[in-house]
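What follows is one structure encoded as structure tokens, with my remarks underneath.
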Amino acid sequence: MNMTLIRRFSGLCLILLLTLMIGQARAQLLPRDQVVVKHSYFSDNRSIFYPESGGNTTPQTIISVTKGVTEEVSMNAYYGVDAVSSATWRVDGVSGASPRVDTEYRHEGGFGVTLRSGVNQIGLSGGISRETNYDSDFAAVSFQREFFDRNTTLGFSYAINRDEIDTLKLADTRPFPREADLDAFTFSVAQVLSPKTLVQLNLFYAEQNGYLAHPENILIFPDGSFGEEIHPESRYRRAVVGRLVRYFETRSALHANYRYYSDTWGLTSHTVGSDWYQYFGRQWIGRIGYRFYDQAAADFYQANPTGPAVFQTIDGKLRPFTSHLYGLKVITTAWKIPWSFIKETEVDLKVDRYQQSGGYRAFVIEAGLIGRF
Amino acid sequence: MRPGFLRLRLFFICFSILFMTGFVGCATTLPYEREHLANQIMQFDPDPEENTMRQHLLNSREGSIGGYGGGGGGCGCN
């Protein structure tokens, strides 16, 4: 990150802090004291990099604890682990085969602090993610302030990632490990339009620099020769998101959202999503959702590369495709944990079906338990 | 100046204009009218852990990222 970026970010932080300091004092509530356990099981039919490959499975567990330490300060810590049955595919330079490697584990942990004072909120968080060939350190700071009798909320956040990428290829002579950076900014405004309607607009901008390809992805040209995946070493990404939440007297709520995304690799996308929440009695909530995604390819993507180029890729994330996500979720507060310090219990079960054009399909089942104390 | 900063500035200007004009004409919702807004199903992100896991899944299978979380915001009705 160069000095110009630091100066501009520091100036923005100063303005926001000064704004926060003149805030009127009125108590807000901190995040609730709770422990959250989520376990999910993911399964797909093939790799998005190698269509002829087999699928993988990924069980994942996250544990998160949030506890208020004073009337204005709340702390959160979480830990998660997932085990991907074939996260990385290796193409042998001699045989051209792409054998499955052993299960890869990814461990992630983080810590956060939320400070609230009157109509203001500041959040600080950080964490690390570790896996065999990819380490990531990340941190974020966010500011949020309410205006106009709490009918308008303005927010800003800055997130930073510093990643180190290594290779799993045996006897790899390339200069690994290599680094990649991400600096992401989000501006957000939320507005209460009526006692039943909320809207939100988010503007997202991110800069990525460094090694942005995947070291294990190897191109196979028509003459049988091999090529390394080569991506540009910078990528500027931006997105605009609009969200709406509307309550209905049938004890229901409609969530709708739209995102337009574009970046300097020429990739653009439209995302439309909607969820319907419905109460059943006092203790049961059902949710049904659908999300549609339409993506245009990156400028340098070639489905069938004919020979070496300045930039070349087989990354399935950069190809043109559409995707559909269908989801069902049930939430209940009907069951209680017989531990005295747990005052409220919430249990949920979710099923997602995800499919991309071209034949990629995935399935997710997830169970959650929230204990509030 | 790098193109990224020009875009960032343009984003900020657009955002400020939208922010300044967005609330004009919106009737104020009073505290005693916020019963529905405070409901769990009316939160933009009612289950942050689920959202994190889903975004992680989608970010590793699609070319787009960002805009759905971590940026603050909210209805101010908690």
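Because the structure is predicted, anything quoted here is derived from the model rather than measured. In the text below, chain A, chain B and the rest are named by the order of the sequence lines, each starting its count at 1. Atoms considered below: every heavy atom in the structure, side chains included; atoms not considered: hydrogens, waters and symmetry mates.
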Give the minimum heavy-atom separation between [X] and [Y], together with the two atoms involved.
X         : Y         : value
Phe44(B)  : Ala190(A) : CE1-CB, 4.1 Å
Tyr279(A) : Gln40(B)  : OH-CB, 4.4 Å
Ser323(A) : Glu62(B)  : OG-OE2, 2.9 Å
Ile41(B)  : Tyr247(A) : CD1-CE1, 4.2 Å
Arg259(A) : Ser64(B)  : NH2-CB, 3.4 Å
Thr197(A) : Leu37(B)  : N-CD2, 4.3 Å

Inter-residue atom distance [X].[atom1] - [Y].[atom2], 0.5 Å rounding:
X         : Y         : atom1 : atom2 : answer
Ile65(B)  : Lys317(A) : CD1   : NZ    : 9.5 Å
His56(B)  : Ser129(A) : NE2   : OG    : 7.0 Å
Lys196(A) : Glu33(B)  : NZ    : CD    : 11.0 Å
His36(B)  : Leu198(A) : NE2   : CG    : 12.0 Å

Option that, when pairs with chain B are counted at under 4.5 Å, heavy atom only, ranks first among [options]:
options                                    : value
Arg106(A), Arg32(A), Arg246(A), Glu346(A)  : Arg106(A)
Phe42(A), Tyr277(A), Tyr261(A)             : Tyr261(A)
Asp263(A), Val364(A), Leu325(A), Asp315(A) : Leu325(A)
Arg319(A), Lys329(A), Gln356(A)            : Lys329(A)

Please look at [X] and chain B and tell me whether the side chain, the backbone, both or neither of the residue comes under 4.5 angstrom of a heavy atom of that chain.
X         : answer
Arg243(A) : both
Val245(A) : both
Glu249(A) : side chain
Ser64(A)  : side chain
Ser252(A) : backbone

For this session: Check each atom of Glu35(B) against the heavy atoms of chain A and say whether the ones under 4.5 Å are side chain, backbone, both or neither.
Result: neither
For this session: Answer with side chain, backbone, both or neither: which region of Leu57(B) has an atom nearer than 4.5 Å to a non-hydrogen atom of chain A?
Result: side chain
Problem set entry | Any side-chain heavy-atom pair of Glu50(B) and Ile62(A) under 4.5 Å | no
Exercise. With side chains defined as the heavy atoms from C-beta onward, is the minimum distance between Tyr68(B) and Thr271(A) less than 4.5 Å?
Worked result: yes
For this session: Please answer whether the main-chain N or O of Gly63(B) pairs with a side-chain N or O of Gln295(A) as donor and acceptor at a distance below 3.5 Å.
Result: yes
Problem set entry | Identified salt bridge (Lys or Arg N to Asp or Glu O under 4.0 Å) partner of Asp47(B) from the options Lys350(A), Lys38(A), Arg287(A) | Lys38(A)
Exercise. Highest number of heavy-atom pairs under 4.5 Å with chain A: which of Pro46(B), Ser60(B), Gly67(B)?
Worked result: Gly67(B)
Problem set entry | Residue selection (most heavy-atom pairs with chain A, distance under 4.5 Å) from Met53(B), Arg61(B), Arg54(B) | Arg61(B)
